[in-house]
K.L.:
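Sharing a structure below in structure tokens format, with a few things to ask.
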Amino acid sequence: MEEQTRSNFIKDFINIDIKENKNGGKIVTRFPPEPNGYLHIGHAKSIALNFGLAKEFNGVCHLRMDDTNPSKEDVEYIESIQEDIKWLGFDWGTNFFFASDYFETLYGYAIELIKAGKAYVCDLSPEEMRLYRGTLVEAGKESPYRNRTVEENLDLFQKMKNGEFPNGTRVLRAKIDMSSPNLNLRDPIIYRIQHTHHHRTGDSWCIYPMYDFAHPLSDAIEKITHSICTLEFEDHRPLYDWFVNNIETPGDPRQIEFARLNLNYTVMSKRKLLELVQKKYVVGWDDPRMPTISGLRRRGYTPEAIRNFCDAIGVAKSNSTVDVALLEHFVREDLNTKAPRVMAVLNPIKVVIDNYPENQVEYFEGEYHPDFPEIGSREVAFSKEIFIEREDFEENPPKKYFRLAPGQEVRLKYAYYITCTHVVKNDTGEIIEVHCSYDPESKGAKTADGRKVKGTIHWVSASHSKNVEVRLYEHLFTCPNPGEERDYKDDLNPTSLTTISAKIEENLANSTHFQFLRNGYFCIDSKDSTSEKPIFNRVVSLKSSYKPE
Ligand code: ATP
Ligand code: MG
């Protein structure tokens, strides 16, 4: 795998820490997803960053499920997350953890805070708590329960744990500062009562730690040296530091924030992605139009392309939106060197070659890739009746139209030169057959007299081709920033998927990905395709629409 070599501010921090021999010069990073959805391309950036740094600095990267909110989490997500990270080409080795494995330790930390007079059980209702919290310009008010004794707090917290109170009646709060300008420090909730079954701990807990408590302390328990997270957690850093400084923990992570990846023409919030799945706007988390890793994989994007993209966008300190065309550029660049090139006709019209012998079949060798002979070649069957793209014939061609037209000659890739003699139309005037004559001297698509023919088109033999379903995709949303002006679902693109029936050459290379000559990159749909009914997804078109700024 290519090394991450470009410098950035995170590496600068790490280099300083190594120089100062902090943590004995060791680097431990982590990727901490909440298993409440499938991973998306934004996560890929964080994965590439964390695993990439560990690799570059000879450290390790942990995979930790931040599974502290059982009502939204599911084993299906845990499994998909692992599959997606492996597919991207990263490896956590034996360092696979769950925040839920620390529930006992975290509970102990809460007791430690209570005993030190730094946490209390609060009975305010959520509504009251909101009022007491104050605003950005107004200090908060102290809870009337703030000065409970240590004994009373220990007793109530024990009862919370024992399941003696209903959901939402009491919480445990850190006692920090109700007048802090940072709202996160205004006595944040650290435990809530939730009588919910947890996918790993079962029914043993009915109190669960809040993310802001569990997350930094899980990092500290795992002795993570550099906790890399997205910018919105910058304001949480003082709270995270407060927890780590006020509790005896094994490690002392340093948090570094970077800008999250945003892409145009898509959404990346897990809440929205979940809604698209649940309300069936897409066929599932792995719908090829989704920005999820599983969707991109099914669409035909490659791990190399995604890693190269992540590397190219780098890390920044301010949020911005990346053009999805840049991601497509890296997909095209990767497939360009790998995918066998074959012929498929997406919008077929029949061509009859009148002077070609009935029942004759000739085979032409077609290389799979002009630059990589090692990819091999195949025999392409040619016969009297072939299909070409409807767009490659014009009855009344404009100037400089070099493809097939009455009286005009064109080169059939690998095979012969043909000239259109006439067309056959149906009752409604639609052309149903194009008739041509071929030049037997042009065998192998070369002429003996060396005359110039400008156009080369692809084709398939009518009786040596298969019907296949092809799924053409556009962006899932019609505008660059879905939801900017109305509900994001109103910006869904009604033509994001078009299904067509195409003709493809008979003997396909043993590959999942192909370039269909002149039509783009395609891959076999990993879920719906069968040998009886092959289905191809268009991965990307051949031409880039990417315009660097
Ligand atoms: P939610 O939308 O539920 O807040 P999330 O997108 O933050 O979820 P997590 O499972 O908490 O999802 O994310 C795991 C890690 O991936 C976090 O460290 C988070 O910072 C990082 N991450 C999430 N989205 C992006 C993004 N768009 N760009 C870069 N990193 C991201
Ligand atoms: Mg999150």
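Each ligand, and each atom within it, is numbered from 1 in the order the structure gives. Keep in mind the model is a prediction, meaning the values are calculated, not measured.
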K.L.:
Could you list the atoms of ligand 1 found under 4.0 angstrom from a heavy atom of Phe31?
P.N.:
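Checking each atom against Phe31, I get 14 (C), 15 (C), 16 (O).
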K.L.:
Consider only side-chain N and O atoms of Thr302 and Asp334, and report whether a donor and an acceptor are under 3.5 Å apart.
P.N.:
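Yes.
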K.L.:
Mark the output for Phe233 as yes if a heavy-atom distance to ligand 1 is under 4.0 Å, and as no if none is.
P.N.:
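Phe233 does not count as a contact of ligand 1 under the 4.0 Å cut-off.
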K.L.:
Any idea how Trp92 and Phe96 line up, ring-wise: parallel (<30°), tilted (30 to 60°), or perpendicular (>60°)?
P.N.:
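Rings of Trp92 and Phe96: tilted, as their planes differ by 30° to 60°.
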K.L.:
Please state whether His40 comes within less than 4.0 angstrom of ligand 1, counting heavy atoms only.
P.N.:
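Right, His40 reaches ligand 1.
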K.L.:
Does any N/O atom on Phe258 come nearer than 3.5 Å to any N/O atom on ligand 1?
P.N.:
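Among all N and O atoms of Phe258, none is under 3.5 Å from an N or O of ligand 1.
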K.L.:
Which option out of Ser269, Cys310, Ala259, Gly42 puts a heavy atom nearest to atom 30 (N) of ligand 1?
P.N.:
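It is Gly42 that holds the nearest heavy atom.
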K.L.:
Tell me whether the count of non-hydrogen atoms from other residues, nucleotides or ligands lying under 6.0 Å of NZ in Lys72 goes above 12.
P.N.:
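No, the 6.0 Å shell around NZ holds no more than 12 heavy atoms from other groups.
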K.L.:
Is the gap between the ring centers of Phe536 and Phe516 under 6.0 Å?
P.N.:
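Between Phe516 and Phe536, which both carry aromatic rings, the centre distance is below 6.0 Å.
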K.L.:
Ignoring hydrogens and angles, state whether a donor on the side chain of Ser71 or Asn69 is under 3.5 Å from an acceptor on the partner side chain.
P.N.:
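Yes.
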K.L.:
Flag yes if more than 12 heavy atoms outside Lys115 fall under 6.0 Å of its NZ atom; otherwise flag no.
P.N.:
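Open: at most 12 neighbouring heavy atoms sit under 6.0 Å from NZ of Lys115.
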K.L.:
Considering both backbone and side-chain atoms of Lys270, is one of its nitrogen or oxygen atoms within less than 3.5 Å of a nitrogen or oxygen in ligand 1?
P.N.:
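Yes: some nitrogen or oxygen of Lys270 is under 3.5 Å from one in ligand 1.
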K.L.:
With a cut-off of 4.0 Å, which atoms of ligand 1 are near a heavy atom of Thr230?
P.N.:
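The atoms of ligand 1 under 4.0 Å from a heavy atom of Thr230 are 20 (O), 29 (C), 30 (N), 31 (C).
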K.L.:
Take atom NZ of Lys338 as the centre, draw a 6.0 Å sphere, and report whether it contains more than 12 heavy atoms from other residues, nucleotides or ligands.
P.N.:
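Atom NZ in Lys338 is packed in, count exceeds 12.
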K.L.:
Under 4.0 Å from a heavy atom of Ser46: which atoms of ligand 1 are those, numbered in the order shown and with their elements?
P.N.:
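It comes down to these atoms of ligand 1: 16 (O), 21 (C), 30 (N).
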K.L.:
Out of all atoms in ligand 1, which are within 4.0 Å of some heavy atom of Leu261? Include the element for each.
P.N.:
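Heavy-atom distances to Leu261 below 4.0 Å select 26 (C), 27 (N), 28 (N), 29 (C).
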K.L.:
Is there a polar contact between ligand 1 and Arg260, counting only N or O atoms under 3.5 Å apart?
P.N.:
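Between Arg260 and ligand 1, an N or O pair is found under 3.5 Å apart.
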K.L.:
Is the closest heavy atom of Pro32 to ligand 1 under 4.0 Å?
P.N.:
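Yes, that is the case, since the closest heavy atom of the residue is under 4.0 Å from the ligand.
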K.L.:
Which of the numbered atoms in ligand 1 are below 4.0 angstrom from a heavy atom of Glu34?
P.N.:
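The atoms of ligand 1 under 4.0 Å from a heavy atom of Glu34 are 9 (P), 10 (O).
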K.L.:
NZ of Lys223: more than 12 outside heavy atoms within 6.0 angstrom?
P.N.:
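No, because the 6.0 Å sphere around NZ of Lys223 holds 12 heavy atoms or fewer from other groups.
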